**Q** 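Below is one structure. I have some questions about it.
None of these values were measured; they are calculated from a predicted model. Whatever order the structure lists them in is the order used to number ligands and atoms, beginning at 1.
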Amino acid sequence: MIESIIEKAKAESQKGQLASYIPALANQPKDLFAAYLIDENGEVLKFGDIDFKFTLQSISKVMNFIVAAESLGLDNVLDKVDVEPTGDPFNSIVRLEVAEKGKPFNPMINAGAITVASLLPGKSVDARVQSVTDFLAEVTGHAHAVNQEVYQSELETAYRNRAIANYLKANNYLEGTVEEAVETYLQLCSIEVSTEDLAKFGLFLAYDGLDTSQDKRLISQKTAQFTKALMMTCGLYNASGKYAATVGFPMKSGVSGGILGTIQTGQVEHLKGRMGIAVFSAAIDEVGNSVAGMHFLESLSEQYDLSVF
Ligand code: GLN
């Protein structure tokens, strides 16, 4: 059943494009597809090109928020960033000018994520990035590198992100310099992962921050709940509402074509209860979500009744 869903999803990917505004992402192979599911018993279903590594891009906003909330305290992070969806594109600037005090709306869009990246623990850009790679490594069980080619490519073309960071700095939301915040944010976007890593992360969130492989709580339940609420309401850019209706579980996408999902319901025959799910396919739609990835998740959710609603 899942294989036939994948065949249909892969055919849809022709409608998408590579994220060419970041030159290094325009080189990604367009015809790869990977899906990885892990259930609460550690049982795995894997399909396609699961060995392929891609960069987190906006999926890093999830880890970024968690590490900041855990190290600074959730309330201190929420002083600097709200938890409201915008309905605007991820790299929009408009609300920083018109909203009261220019407070970024949520940590899942660039304005919020750049703010959160500047709050991360550590005295240098590298130390702040490492706070996130260390956390990710704890969940996935192995070290994660920053893809330098993608990072340099982003850095050279980050005109909008620098503009956003300048607005944020002018309104006193950033710690440190504008360039430090942008560099930290873009390095986080360039961390390499596989669908297996993201599926493990999804299971970890499904357990509200309990790492079942170590039987150890890594983050508070409250941080996990905020994270999942943010993913559900803001995780898929300005298509978050539509996919809350059609897929119905928390997800976060990135413009490299990856999607992280976390599931706490559903009656899949061999995969019950809590589940982590990840999908990768590089062609994205005009909003920034993987075309085949979202098609796959919509069909899977419909077939197996995975929506929380
Ligand atoms: N690094 C990308 C950017 O800021 C991430 C965007 C995304 O995945 N939506 O433009």
**Q** Which residues pass the salt bridge (charged side-chain N to carboxylate O under 4.0 Å, His left out) test with Arg162, sequence neighbours left out?
**A** Glu179
**Q** Any chance you could measure Ile263, atom CD1, to Ile38, atom CD1, to the nearest 0.5 Å?
**A** 11.5 Å
**Q** With sequence neighbours excluded, tell me which residues meet side chain to side chain donor-acceptor pair (under 3.5 Å) with Glu298.
**A** Thr246
**Q** By side chain to side chain contact (heavy atoms under 4.5 Å, CB included), which residues pair with Ser92, not counting sequence neighbours?
**A** Asp88, Pro89, Val94
**Q** Residues around ligand 1, heavy atom under 4.0 Å from any ligand atom, sorted by chain and number. Can you pull those?
**A** Tyr21, Ile22, Gln57, Ser58, Phe90, Asn110, Glu154, Asn161, Tyr185, Cys189, Tyr237, Gly254, Val255
**Q** CD/Glu156 to OH/Tyr159 distance, rounded to the nearest 0.5 angstrom?
**A** 8.0 Å
**Q** Looking only at non-hydrogen atoms, find the nearest pair between Ala111 and Leu168 and report the distance.
**A** O-CD1, 3.3 Å
